[in-house]
Trainee: 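Submitted below is the structure of interest, expressed as structure tokens.
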There are 2 protein chains.
Amino acid sequence: MAPSDQIRTGALPAPEMLRQYVDRIERLEEEKQALMADIREVYSEAKGHGLNPKIMRQVIKLRGLDKQDLQELDAEIEVYRSALGMI
Amino acid sequence: MAPSDQIRTGALPAPEMLRQYVDRIERLEEEKQALMADIREVYSEAKGHGLNPKIMRQVIKLRGLDKQDLQELDAEIEVYRSALGMI
């Protein structure tokens, strides 16, 4: 077998290390999944109280923007909607 | 103004409730962002020890499958790669 055939095909030098990293990541991913379930639950509760989750998601995304960026975005969206006869 | 013009254009019946739901969701989203930063950090540490984060992500996705589903997926991927001259 030529040396180049061996590149990246052998065993890992420290397979135990890989396993430990994967375990850590999977634990964190589980916590993330649990949080995502909590978030869905809050949206679902809000929906039960007559709020619209789709609109909430949209508005929450926008809340990261400062006032000026938000005004610019709103103005730009209006231009595009107007150009497409959507206003 | 015709009644239909008023649909969905008035104030929310309970704006304070909306604010509370949004606060709860934003707190949970912050926790989620923090976890995602932790996960990136672990991948970055693994990379510093010579592991390949792209391959790790790919393999971690597959770990959710049971043995038989994994074998079927592997076989199917091989069929597709073979059909495209990638083996």
Side-chain angles (χ1 to χ4, degrees), chain A residues 5-67 69-70 74 78 81 86-87, chain B residues 4-67 70 74 78 81 86-87:
Chain A
D5 290 331
Q6 292 174 333
I7 289 174
R8 295 178 185 285
T9 62
L12 281 173
E16 188 49 36
M17 191 174 65
L18 172 62
R19 179 167 295 277
Q20 283 168 10
Y21 279 123
V22 168
D23 284 347
R24 277 172 67 190
I25 289 167
E26 287 186 335
R27 274 196 298 275
L28 292 166
E29 283 287 353
E30 271 173 31
E31 289 181 52
K32 194 180 92 178
Q33 293 304 322
L35 272 174
M36 289 167 72
D38 289 346
I39 292 169
R40 278 194 300 275
E41 176 61 35
V42 179
Y43 278 114
S44 160
E45 203 186 306
K47 188 176 182 179
H49 283 91
L51 293 166
N52 184 329
K54 275 194 197 168
I55 308 288
M56 286 174 72
R57 285 187 191 270
Q58 205 176 98
V59 169
I60 284 172
K61 268 192 204 160
L62 298 177
R63 271 165 62 90
L65 301 176
D66 68 29
K67 205 153 209 157
D69 286 345
L70 182 55
D74 283 342
E78 201 168 313
R81 289 185 55 156
M86 295 164 69
I87 286 178
Chain B
S4 64
D5 290 331
Q6 291 175 332
I7 289 173
R8 294 177 187 284
T9 60
L12 282 173
E16 187 49 36
M17 191 174 64
L18 173 62
R19 179 166 295 277
Q20 284 168 9
Y21 279 122
V22 168
D23 285 346
R24 277 172 67 191
I25 290 166
E26 287 186 335
R27 274 196 299 275
L28 291 167
E29 284 286 353
E30 271 172 31
E31 290 181 51
K32 195 180 90 179
Q33 294 303 322
L35 272 173
M36 289 167 70
D38 290 346
I39 292 169
R40 278 194 301 274
E41 177 61 34
V42 179
Y43 278 114
S44 160
E45 203 186 305
K47 187 175 181 178
H49 283 91
L51 293 165
N52 184 328
K54 274 193 196 169
I55 308 288
M56 288 175 70
R57 285 186 190 271
Q58 206 175 96
V59 169
I60 285 173
K61 268 192 203 160
L62 298 176
R63 270 165 63 90
L65 301 176
D66 68 29
K67 205 152 209 155
L70 183 55
D74 283 341
E78 200 168 313
R81 288 185 54 158
M86 295 164 70
I87 285 178

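Below, read A as the first sequence line, B as the second, and so on, with proteins coming before strands; counting in each chain starts at 1.
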Trainee: To the nearest 0.5 Å, what is the distance between CZ (B:Arg63) and CD (A:Glu26)?
Mentor: 4.0 Å

Trainee: I want to check something: taking the side chain as every heavy atom from C-beta on, are B:Leu18 and A:Met56 in contact at a cut-off of under 4.5 Å?
Mentor: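 Side-chain contact under 4.5 Å: yes.
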
Trainee: Looking at A:Gln58, I'd like to know if its CD atom is crowded, meaning that more than 12 non-hydrogen atoms belonging to other residues, nucleotides or ligands lie closer than 6.0 Å.
Mentor: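 No, not enclosed.
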
Trainee: Count the heavy atoms of every other residue, nucleotide or ligand shown that sit under 6.0 Å from CD of B:Glu78, and state whether that count exceeds 12.
Mentor: no

Trainee: Please report the interatomic distance CD(A:Glu45) to CD1(B:Ile25), rounded to the nearest 0.5 Å.
Mentor: 9.5 Å

Trainee: Shortest non-hydrogen contact from A:Leu51 to B:Met17?
Mentor: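 Heavy atoms of A:Leu51 and B:Met17 come nearest at CD1-CE, 4.1 Å.
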
Trainee: Could you tell me the separation between the CE atom of B:Met36 and the CD atom of A:Glu31, rounded to the nearest 0.5 Å?
Mentor: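 Output value for this atom pair is 14.0 Å.
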
Trainee: Rounded to the nearest 0.5 Å, what separation is found between the CG atom of A:Leu35 and the CG atom of B:Leu35?
Mentor: 5.5 Å

Trainee: Under a 4.5 Å cutoff for heavy-atom pairs, which residue among B:Leu12, B:Leu28, B:Asp38 has the most contacts with chain A?
Mentor: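 Of the options given, most contacts go to B:Leu28.
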
Trainee: Could you measure the distance from the CZ atom of A:Arg24 to the CD1 atom of B:Ile39? Nearest 0.5 Å is fine.
Mentor: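 Reported value, rounded in 0.5 Å steps: 11.0 Å.
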
Trainee: Would you indicate whether the side-chain heavy atoms of B:Val22 and A:Val59 approach each other to under 4.5 Å?
Mentor: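 A side-chain contact under 4.5 Å is absent here.
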
Trainee: Using non-hydrogen atoms only, which part of A:Gln20 is less than 4.5 Å away from chain B: side chain, backbone, both, or neither?
Mentor: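 No part of it gets close to chain B.
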
